[in-house]
Student: 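Shown below is the structure under consideration.
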Amino acid sequence: MRTAEKLIAEQGIENVTIRLILSEAGQKNTSALQYHFQNLSGLISAIHAARSKEIQEKRGELLEALHERTDEPDLRDLCSVMVRPPVELARARVDYRRYIKAFGHELALIETSAFSQAGRQGGGGSSGAQLGNLLRKKLEHLDNDAFKRRMDMAVRLCGAAMYHQARQPKAFRGDQADLFVSSLIDALTGLLGAPESEETVAIASKSR
């Protein structure tokens, strides 16, 4: 799994084959990948599942720390909890930086709902549900459809920004990385907290 992440980060998923992964991993049993994962798609799904669990656990830790600090977190606090789980993992571990470099752009480019996909890919679990409920209460100025639209945009923004950061020479480390994280949290806070314009409300009502 780690070999696949490394190769996809370096070469792009379109250039990575089962044969290449097995060779780079030093796996002489050519049926090993098929036995454990069936195919390349199964391997990638297993990678996402493992990384999602790590994200959910880290988010749970951050939420616990936030609740110890305040009973009334503001929107920026919640946006920070959206951003910091992958950032903290990437700061600590090169393998997680490779994961973001390999797959960070997927949510930004997905043709279906990025918000729904994020719930299955890192954004789920009990910590994801808890954060989602806190965000929904904090964004009560948005109706359900508007909330989903904003969250979809927020997920795409995070995915694109993380992917770009992962490809920098000192990704997720140093003062520039700190500035990136704080700026991304600011951007999410503005994106989610802004009221809907009359124009948007009118267009949305016509499309229902």
Side-chain angles (χ1 to χ4, degrees), residues 5 8-9 13 44 47-63 65-66 73-139 142 145-168 170-174 176-194:
E5 287 177 338
I8 293 169
I13 193 170
I44 291 172
I47 290 171
H48 284 318
R51 294 309 192 185
S52 293
K53 185 177 180 181
E54 292 177 320
I55 286 286
Q56 291 165 21
E57 290 174 353
K58 179 60 69 174
R59 185 191 301 115
E61 293 171 6
L62 293 175
L63 281 170
L66 178 60
D74 60 26
L75 180 56
R76 195 177 192 281
D77 290 329
L78 300 179
C79 289
S80 179
V81 175
M82 289 178 65
V83 169
R84 291 194 181 279
V87 167
E88 292 194 7
L89 289 168
R91 278 176 167 163
R93 290 163 37 196
V94 65
D95 63 299
Y96 204 89
R97 294 196 292 274
R98 286 179 184 145
Y99 172 68
I100 298 177
K101 191 175 179 181
F103 299 107
H105 63 297
E106 286 188 344
L107 287 174
L109 300 177
I110 192 170
E111 295 181 4
T112 55
S113 169
F115 180 38
S116 296
Q117 182 63 24
R120 297 186 290 270
Q121 187 173 312
S126 59
S127 65
Q130 185 181 355
L131 178 59
N133 289 335
L134 289 169
L135 282 166
R136 189 68 194 96
K137 291 177 182 177
K138 190 63 64 175
L139 300 174
L142 302 175
D145 288 339
F147 175 74
K148 290 176 182 178
R149 288 195 299 272
R150 290 288 180 87
M151 289 302 298
D152 185 82
M153 293 176 189
V155 169
R156 292 178 190 277
L157 171 61
C158 282
M162 293 284 185
Y163 177 73
H164 181 265
Q165 175 62 205
R167 292 187 167 270
Q168 301 309 303
K170 294 184 178 180
F172 299 103
R173 291 161 292 171
Q176 288 301 312
D178 291 340
L179 180 59
F180 158 77
V181 172
S182 188
S183 297
L184 179 56
I185 295 170
D186 289 345
L188 286 174
T189 304
L191 170 61
L192 293 175

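One-based numbering along the sequence shown.
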Student: On a heavy-atom basis, which atom in G60 and which in S127 lie closest, and how many Å separate them?
Tutor: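 Heavy atoms of G60 and S127 come nearest at N-CB, 3.6 Å.
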
Student: With a 4.0 Å cut-off on N to O distance, would you call R51 and E54 a salt bridge?
Tutor: yes

Student: More than 12 foreign heavy atoms under 6.0 Å from NE2 of H105: is that the case here?
Tutor: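 Correct, the count exceeds 12.
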
Student: Answer whether the closest heavy-atom distance between the side chains of R91 and D178 falls below 4.5 Å.
Tutor: yes

Student: Is a side-chain donor or acceptor of R97 paired with a backbone partner of A90 at a separation under 3.5 angstrom?
Tutor: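 A pair under 3.5 Å: yes.
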
Student: Report yes if the side chains of Q176 and F180 come closer than 4.5 Å at any heavy-atom pair, otherwise no.
Tutor: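 They are not in side-chain contact.
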
Student: Could you report the tightest heavy-atom contact between P73 and L66, atom names first, then the distance?
Tutor: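 Shortest heavy-atom contact: CB-CD2, 3.7 Å.
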
Student: Take K101 and I8, measure what side chain to side chain contact (heavy atoms under 4.5 Å, CB included) needs, and give me the verdict at the end.
Tutor: CA-CA 8 Å; K101 191 175 179 181; I8 293 169; over 6 Å; no

Student: State, with a plain yes or no, whether a side-chain heavy atom of L157 is found less than 4.5 Å away from one of L184.
Tutor: yes

Student: Could you check R150, R156, K148 and say which one makes a salt bridge (Lys or Arg N to Asp or Glu O under 4.0 Å) with D152?
Tutor: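 It is R156, the one option of R150, R156, K148 that forms the salt bridge (Lys or Arg N to Asp or Glu O under 4.0 Å) with D152.
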
Student: For residues R149 and L142, determine if any side-chain heavy atom of one lies less than 4.5 Å from a side-chain heavy atom of the other.
Tutor: no

Student: With a 4.5 Å limit on heavy-atom distance, are the side chains of E106 and Y163 in contact?
Tutor: no

Student: Does D74 come within less than 4.0 Å of R76, counting only side-chain N to carboxylate O?
Tutor: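 Between R76 and D74 there is no salt bridge, as every charged N stays at least 4.0 Å from the carboxylate O atoms.
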
Student: Is any side-chain heavy atom of M151 closer than 4.5 Å to one of M82?
Tutor: yes

Student: Working to the nearest 0.5 angstrom, can you tell me the gap between L135 CG and Q130 CD?
Tutor: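 Between atom CG of L135 and atom CD of Q130 there are 11.0 Å.
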
Student: Which heavy atom in K138 sits nearest to a heavy atom in L78, and how many Å separate them?
Tutor: CB-CD1, 4.1 Å

Student: Do F103 and I47 come within less than 4.5 Å of each other through their side chains, counting heavy atoms only?
Tutor: yes

